[in-house]
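First the proteins, then the strands, lettered A, B, ... as listed; each starts at 1.
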Amino acid sequence: MKLHFFNTLTREKEEFIPIDSKEVRIYSCGPTVYYFAHIGNLRAYLFMDNLRRVLEYNGYKLKHVMNITDVGHLVSDADEGEDKMLKAAKRENKDPFQIAEFYMNAFLKDIDKLNIQRPEIIARATEHIDIMEEYVKKIIENGYTYQSEDTIYFDTSKLDKYGVLSNRNIEEQKAGARVEFDENKKNISDFALWIKAPENHIMKWDSFFGKCYPGWHLECSAMGYKYLGDHFDIHTGGIDHIPIHHENEIAQSKGFSGKIPANYWMHVDFLTVDGGKMSKSLNNLYTLSDLKEKGYDPLVYRMFNFGSNYRNKINFTWEAMNAAKVALARLKEGYKKHNEGIEDVEDSIINEYEEKFHEAINDDLNMPVAMSVVWDVIKNPIKSKKFAKLLLKFDTVLGLEIDKENEKEEIPDEIKELLEKRKVARENKDWNLSDTLRDEIKEKGYIVKDSKDGMQVEKL
RNA sequence: GGCGCUAUAGCCAAGUGGUAAGGCACGAGUCUGCAAAACUCUGAUCCCCGGUUCAAAUCCGGGUGGCGCCUCCA
């Protein structure tokens, strides 16, 4: 079945044809590890995972690289930006390497919890300084640079065109510039490749240009080149990467090899919260731990993301989060019923569903439509193991672990005693006492559900 | 100042020319001692104005609103 992706480079949905018919090579821009990832960050990696799983569903093997940015990228003291790594180090009274180590591990734990498959290669910037240096040298050799006293810049005017991804044009930018630019730059879109570190800079490496650290776009180009070559299939990232970071990656690659590094560029839009961007000042910046505290499993957040297309913004609300929680529980319930089913269905029906699902995911990862097919299967009144098997196949893409029962939390003895009392009361048909006990259990944070098999409790 | 995205039921959202997928919530019902859970049923003519067309949420023009980016934040 044909596979189509929206390509930012052409602004069109295109058929996906890999360079190598068996193995798809992908590069994904990963996190800067200076703090815990929030759920907006994590959406990007859910998208990345979604892409992986859809490609695998289509029978492709993957060679997928994701970077971990564990080095700060302050261009110079004159710049107004903050070096996030250094800022975090100061805040926590650690050195930047410790910060990177800690938050990288936290990030990896988060993506594991979300059932995000780890890319085949996770590349840390600080472990690839040598290849970055080589990369810069080649760009210099090819004549695409100039230098000031302490910085080597990429000269974007040397390119036939800068701004192929975002339709940007250097002159237009000058006209509307709101920001003071580095006076050493010849063109407004030029950027730093290699920078001499100030005395007190902790992260710096010996190089042909003295003690330096890399410019902030360099790592992706260099590491992508190292593992995937100068021409690979897909490059992914957040929508915010389009105008600067990915333009500059393309510029660097053109300076290095003359090629745009990837054929397909895919970008995931932001998650908004209550209609706007998340921010600390609005107190709506959530992490997975925050969700957990409110009673939402990481996979519920995963489920929530399937409600919209990756190319559109998705608006986070607690109401929608709850919708995902209930829906996921019902999905599991529905799977279980099919799995316990003894009826038979014709293969043609199974195939029809499978085809619809496959079509949806192959249409630029249209998960909302794919989910509607899942619900069709779930709600089919015929209960058959064939349906259960089909759902498991779908779950290789969904990654919702629909066949796993929710973990039963340990019930405290106190609650167990109350339940026992209530059981006796119910046997005696003492409904008043039974209801009182139920209220009491509820006050202690547990919901009682009576079923044919007896009482069950669930944490609120 | 520039670039881009977007406006569909209470919420999250599919749908890009032929009279609106799906999930959640609400309401009704089945079940239950009563609840809860589960299951079934139920809801919108698609921001406004104008145009093209036999036919538009879907194309074009003009409004209005929301959001993002132009400093390394996915």
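Distance from the side chain of A:Val369 is smallest for B:A14 among the nucleotides B:A14, B:A36, B:G23. Nearest nucleotide to the A:Arg11 side chain, out of B:G4, B:A38, B:C72: B:G4. Checking B:A21, B:C24, B:C12 against the side-chain heavy atoms of A:Ser372 singles out B:A21 as nearest. Nearest nucleotide to the A:Ser308 side chain, out of B:C70, B:A38, B:A13: B:A13.
One can place CG of A:Asn312 at 19 Å from P of B:A21, the figure rounded to the nearest angstrom. Distance CZ (A:Phe316) to C1' (B:A13): 16 Å, rounded to an integer number of Å. One interatomic measurement links the two molecules: CD1 of A:Ile244 to P of B:G2, which rounds to 18 Å at whole-angstrom precision. A:Tyr162 has its OH atom 11 Å from the C1' atom of B:C70, to the nearest Å. A:His235 places its NE2 atom 14 Å from the P atom of B:A74, with the value rounded to the nearest Å. Atom CG in A:Asn187 sits roughly 20 Å away from atom P in B:C70 (whole-Å rounding).
With both pairing distances under 3.5 Å, B:A28 is matched to B:U40 as a Watson-Crick or G-U wobble pair. As the counterpart of B:A21, no nucleotide is assigned, since no Watson-Crick or G-U wobble pattern has both distances under 3.5 Å. Remark: B:G61 base-pairs with B:C49; criterion is Watson-Crick or G-U wobble with both hydrogen-bond distances under 3.5 Å. Nucleotide B:C67 is matched to B:G4 when pairs are restricted to Watson-Crick or G-U wobble geometry with both distances under 3.5 angstrom. If you check B:A14 for Watson-Crick or wobble pairing at under 3.5 angstrom, you find it has no partner at all.
Spacing of P atoms, B:G22 relative to B:U42, comes out at 10 Å, to the nearest Å. If you take atom C1' in B:G17 and the same atom in B:A55, they sit 8 Å apart, rounded to whole Å. For B:G66 and B:U8, the C1' atoms lie 15 Å apart once the distance is rounded to whole Å. On the P atoms, B:A37 is 14 Å away from B:A28, given to the nearest whole Å. Straight-line distance between the P atoms of B:G23 and B:C31: roughly 24 Å, to the nearest whole Å. For the P atoms, the distance from B:A57 to B:C24 is 28 Å, rounded to whole Å. The same atom, P, is picked in B:U6 and in B:A25; the two are 30 Å apart, to the nearest Å. With P as the reference atom, B:G10 and B:C3 are 35 Å apart, rounded to whole Å.
Using a 4.0 Å heavy-atom distance criterion, A:Lys356 is classed as making no nucleic acid contact. Looking at heavy-atom distances under 4.0 Å, A:Asn309 makes contact with sugar-phosphate atoms alone, never a base. Within 4.0 Å (heavy atoms only), A:Gly40 reaches at least one base atom of the nucleic acid. Within the 4.0 angstrom heavy-atom criterion, only backbone atoms of the sugar-phosphate kind lie near A:Tyr34; the bases stay farther away. Among the heavy atoms of the strands lying under 4.0 Å from A:Tyr45 are primed sugar atoms or P, OP1, OP2 only; no base atom is included. Using a 4.0 Å heavy-atom distance criterion, A:Arg426 is classed as a base contact. Looking at heavy-atom distances under 4.0 Å, A:Leu42 makes no contact with the nucleic acid at all. Note on A:Phe304: only backbone sugar-phosphate atoms sit closer than 4.0 angstrom, heavy atoms only; bases stay farther off. Within the 4.0 angstrom heavy-atom criterion, no nucleotide atom of any strand lies near A:His267. Contacts of A:Val374 with the nucleic acid, taken as non-hydrogen atoms under 4.0 Å apart, are absent. At the heavy-atom level, A:Trp431 lies under 4.0 Å from base atoms of the strands shown. Within 4.0 Å (heavy atoms only), A:Lys336 reaches no atom of the nucleic acid at all.
The phosphate of B:C39 (OP1 or OP2) has no side-chain N or O of A:Lys379 nearer than 4.0 angstrom. The phosphate of B:G15 (OP1 or OP2) has a side-chain N or O of A:Asn366 nearer than 4.0 angstrom. Side-chain nitrogen and oxygen atoms of A:Arg438 include none within less than 4.0 Å of the OP1 or OP2 phosphate oxygen of B:C34. For B:C39, one of the phosphate oxygens OP1 or OP2 lies less than 4.0 angstrom from a side-chain nitrogen or oxygen of A:Arg330. The side chain of A:Asn315 contributes an N or O atom lying less than 4.0 Å from OP1 or OP2 of B:C12.
A salt bridge is defined here as a Lys NZ or Arg NE, NH1 or NH2 lying under 4.0 Å from an Asp or Glu carboxylate O, and A:Arg422 with A:Asp450 meets this definition. Between A:Lys325 and A:Asp297 no salt bridge is recorded (no basic side-chain N to carboxylate O distance below 4.0 Å). Using a 4.0 Å cut-off between charged side-chain N and carboxylate O, A:Asp435 and A:Arg438 make a salt bridge.
For A:Asp435 against B:G33, a side-chain N or O and a base N or O form a donor-acceptor pair under 3.5 Å.
For A:Tyr296 and A:Tyr301, the ring centers are positioned 6.0 Å apart or more. Taking the six-membered ring wherever Trp is involved, the centroid distance between the rings of A:Phe316 and A:Phe304 falls below 6.0 Å. The ring of A:Tyr103 has its center closer than 6.0 angstrom to the ring center of A:Phe36.
Surrounding NZ of A:Lys356 are at most 12 heavy atoms belonging to other residues, nucleotides or ligands under 6.0 Å away. The number of heavy-atom neighbours closer than 6.0 Å to CG of A:Asn432, taken from other residues, nucleotides and ligands shown, is 12 or below.
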Discussion item. Test side chain to side chain contact (heavy atoms under 4.5 Å, CB included) on A:Arg124 and A:Glu101; report intermediate values, then the result.
Written reply: CA-CA 10 Å; A:Arg124 297 181 64 165; A:Glu101 190 69 23; 3.0 Å; yes
